Amino acid sequence: MATTMRCPSLSRSFVQRTSISTIHTRLLSTSSILRNEATPSPNLGTVSSPKKPVGGFRGGIIGFLFGFSLASTYAAYHLLDEYKAASAALQASVEELQVSTAKVTAHVRRIEAVEKDLKALSQSTASKDDLSRVRAEAKKLYDGLHIEFLDLRNHAWGMQQDLHALAKKEAISVRE
């Protein structure tokens, strides 16, 4: 095993000797096995220093912040999905409302046209009172014409009688 030197005077002389010829000298603190393993090797890069272990408090804060940011991202993603779904549903509802509004507008226009036609027809048609008044006037005209016809017939019969009477009188006067 390795032995170490405890004498200050020897160690000073040893340091001076090793500084002059460091390649072929054997240190008292190393054994021959360790020296063979410590042969100079090519430069393989720098040795990374071991990482500091993360403390409990600092690790808790970092873990909390990481968890919080992960949960916030997840919540924002789901909130955005719900917003998109609600927006799509609202858009579909608005389009459906526009279609139904167009249908209602068309029905209202048809109803207005029918009301306009009905108003025009109601102004040009006769009511019951008008019909009964026209019927009474027609009856009066018929009765008046019937009376005139009877008067004309009576007058024609009277002329026929006068003509017969005159013809008899002439026939009697011509024979005489």
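It should be emphasised that the depicted structure is a prediction, and the values quoted were computed from it without experimental measurement.
- The CG atom of Leu79 sits 12.5 Å away from atom OH of Tyr74, with the distance rounded to the nearest 0.5 Å.
- Between the NE2 atom in His155 and the CG atom in Asp151 there is a gap of 10.0 Å [rounded to 0.5 Å].
- In this structure, Ile61 is a member of the same hydrophobic cluster as Phe64, with clusters built from ILVMFWY side-chain heavy atoms closer than 4.5 Å.
- For His146, there are no side chain to side chain donor-acceptor pair (under 3.5 Å) partners two or more places apart in sequence or in a different chain.
- No donor-acceptor pair closer than 3.5 Å links the side chain of Ser93 to the backbone N or O of Ala89.
- Salt-bridge annotation for Arg133 and Asp130: present, with a side-chain N of the basic residue lying under 4.0 Å from a carboxylate O of the acidic one.
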side-chain contact (heavy atoms from CB on, under 4.5 Å) between Leu80 and Lys84, intermediate numbers included: CA-CA 6 Å; Leu80 185 62; Lys84 285 180 182 178; 4.1 Å; yes
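- Annotation: the span from Leu70 atom CG to Leu65 atom CG amounts to 12.5 Å, rounded to 0.5 Å.
- Cluster partners of Val108, by chain and number: Val104. The rule joins Ile, Leu, Val, Met, Phe, Trp and Tyr whenever side-chain heavy atoms lie under 4.5 Å apart.
- A distance of 6.5 Å separates CG of Leu145 from CG of Leu141, quoted to the nearest 0.5 Å.
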Stepwise side-chain contact (heavy atoms from CB on, under 4.5 Å) test for Val94 and Gln98: CA-CA 6 Å; Val94 166; Gln98 286 176 342; 4.2 Å; yes
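- In this structure, CG in Leu90 is found 10.0 Å from CD in Glu95, a value given to the nearest 0.5 Å.
- Annotation: Gln161, atom CD; neighbour count of heavy atoms from other residues, nucleotides and ligands within 6.0 Å is above 12.
- Rounding to the nearest 0.5 angstrom, the gap separating the NZ atom in Lys119 from the CG atom in Leu121 is 13.0 Å.
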side-chain contact (heavy atoms from CB on, under 4.5 Å) between Gln160 and His164, worked out: CA-CA 6 Å; Gln160 189 180 13; His164 274 330; 4.3 Å; yes
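- When atom types are taken as modelled, the side chain of Thr73 and the backbone of Ser69 share a donor-acceptor pair closer than 3.5 angstrom.
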